[in-house]
Amino acid sequence: MSGKFLVINAGSSSLKFALYVMPEGTLIVNGYIEKIGNLDSFYTLKWNEKKEEKRKQIENHTEALQTMFKELLEKQFIKDISEIQGIGHRVLHGGEFYSNSVIIDDKVLQNIKSLTKLGPLHHPGEIAGIESMKKLMPDVPQVAVFDTAFHQTMPQENFMYAVPIEWYRDNSVRKYGFHGTSHKYITESMQEHFKKKDVNLIICHIGSGASICAVKDGKCHNTTMGLTPLDGLVMGTRCGTIDSSVIEYICKERNLSVEEVNHILNKNSGLLGIAGKNDFRDIEELANNGDEMAQLAIKMLRKSIVNFIAQYFVELNGELDAIVFTAGIGENAITLRADIINSISNALGVELDSNANNSVASFKDKKSGVISTIHSKFQVIVMPTNEEYMILKDTFELSQQLKEKDIPKSYFIKK
Ligand code: AMP
């Protein structure tokens with residue numbers, strides 16, 4: 001029987017939500033509440049071909065969810081909250097606890113809380129979301145879908161840092177990796193595409209946040225982000241991999257605290273730090289008009305992607321089914337894709353099909369496709385990611401499993 005399922009993605013000061021009918025997978029409405037905690041917070045709702053934007057001061061994530069329910073009821077997307085049969089939450093950090101999505105019970109909530117130290121910007125909003133739902137509808141299953149879960153299959157030599165072992169044992173310092181839900185979605189799509197489970201892939205998720213994942217036999221083998229999403233590629237506002245001594249040095253040189261430097265490395269670095277803009281379209285336009293810093297920023301981004309592709313190609317012993325480009329830049333930046341493939345062409349035995357590359361982007365008729373020639377040793381594919389679908393799918397499947405098992409309805413101890 002059909003039922004309504006909510007997907008919730010809480011950021012540090014934002015909340016995205018979407019209401020679906022399952023198992024059909026029909027989207028009823030989605031919404032985006034922004035600038036939570038600011039005086040000028042506002043939200044947008046989209047349904048059918050309609051769009052509505054409203055200004056409303058929203059203090060915190062609990063209020064954001066109340067606003068969401070008010071709209072869902074007023075506009076009759078639901079007649080009563082009892083219509084909702086499952087809620088899926090995107091959760092940033094699952095630490096070493098979770099390699100898959102789980103139904104949230106008291107123990108899971110406690111574990112998510114204990115991981116706030118590893119996700120200090122995201123976890124408070126996510127926890128507020130889970131707790132508000134728990135109060136409002138304690139009998140409805142809530143599912144946590146972790147950004148780190150897919151990467152839990154990395155071998156130890158790939159996830160350890162060469163620091164004192166106690167930092168790992170006592171303080172959980174290791175590489176976790178992020179964008180796992182996206183990398184998993186692409187992996188499953190490629191398993192269908194190649195009609196086999198044991199696919200070997202290099203997935204380039206290049207959006208404002210960016211990470212690459214080496215997939216070996218259908219599982220994560222290595223990835224570029226680390227303890228936090230700061231590591232790896234040059235990103236919109238994050239620096240990616242740098243010598244960690246920069247931090248102490250620049251603290252002293254510019255009289256900054258460690259917190260201030262960490263903030264700058266996350267929010268004012270990357271493309272923004274070099275080119276003064278973080279949106280790739282703006283940077284491309286500046287570069288095309290001769291701006292040297294924008295040209296440099298694009299070269300640095302390209303080089304960081306090429307370097308990791310080369311590293312992962314060797315780690316996969318050259319036995320690759322495909323390089324896949326996804327997310328905002330990966331799906332749309334046609335020239336950048338061409339430059340990357342041309343830079344690795346000789347070394348890795350791959351050839352760009354320029355016509356195919358030019359015809360695939362989310363603003364064109366063709367949103368996905370193979371952009372390498374048949375003479376290549378492996379394929380290069382553009383494929384839009386769909387993290388929301390993965391959260392929905394896991395939420396639906398886990399909720400169904402609970403129903404079938406006839407497990408007692410309350411997942412939380414009633415106080
Ligand atoms: P995401 O974080 O996946 O939403 O990706 C956002 C990034 O994708 C931004 O840097 C955008 O500038 C970039 N992007 C979106 N559309 C295009 C496009 N048509 N060409 C180049 N970059 C794009």
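We number each residue from 1, following the sequence as shown. As the structure lists them, so they are numbered: ligands from 1, and atoms in each ligand from 1.
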Engineer: Can a salt bridge be assigned to the pair Glu388 and Arg90 using a cut-off of 4.0 Å between side-chain N and carboxylate O?
Structural biologist: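 Not counted as a salt bridge, because no side-chain N and carboxylate O are separated by less than 4.0 Å.
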
Engineer: Under a 4.0 Å heavy-atom cut-off, what residues line ligand 1?
Structural biologist: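 For ligand 1, the residues that come within the 4.0 Å heavy-atom cutoff are Gly207, Ser208, Asn278, Asp279, Phe280, Arg281, Glu284, Ala327, Gly328, Ile329, Asn332, Phe363.
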
Engineer: Got a sec, which residues hit side chain to side chain donor-acceptor pair (under 3.5 Å) with Lys175, two or more places apart in sequence or on another chain?
Structural biologist: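 In terms of side chain to side chain donor-acceptor pair (under 3.5 Å), with neighbours along the sequence ignored, Lys175 is linked to Asn222.
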
Engineer: Report the residues that fulfil ring-ring contact (aromatic ring centres under 6.0 Å, His included) with Phe178, sequence neighbours left out, ordered by chain and then residue number.
Structural biologist: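 Residues passing ring-ring contact (aromatic ring centres under 6.0 Å, His included) with Phe178: His93.
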
Engineer: Please list all pairs meeting salt bridge (charged side-chain N to carboxylate O under 4.0 Å, His left out) that have one or both residues in residues 29-43, counting only residues at least two apart or in different chains.
Structural biologist: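 Applying salt bridge (charged side-chain N to carboxylate O under 4.0 Å, His left out) to every pair that reaches into residues 29-43, excluding sequence neighbours, yields Lys35-Asp40.
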
Engineer: Answer yes if the side chains of Ser2 and Glu24 hold a donor-acceptor pair under 3.5 Å, and no otherwise.
Structural biologist: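 The answer is yes; a qualifying pair exists.
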
Engineer: In terms of ring plane angle, is the pair His205 and His179 parallel, tilted or perpendicular, where the classes change at 30° and 60°?
Structural biologist: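 Answer is parallel, since the angle falls under 30°.
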
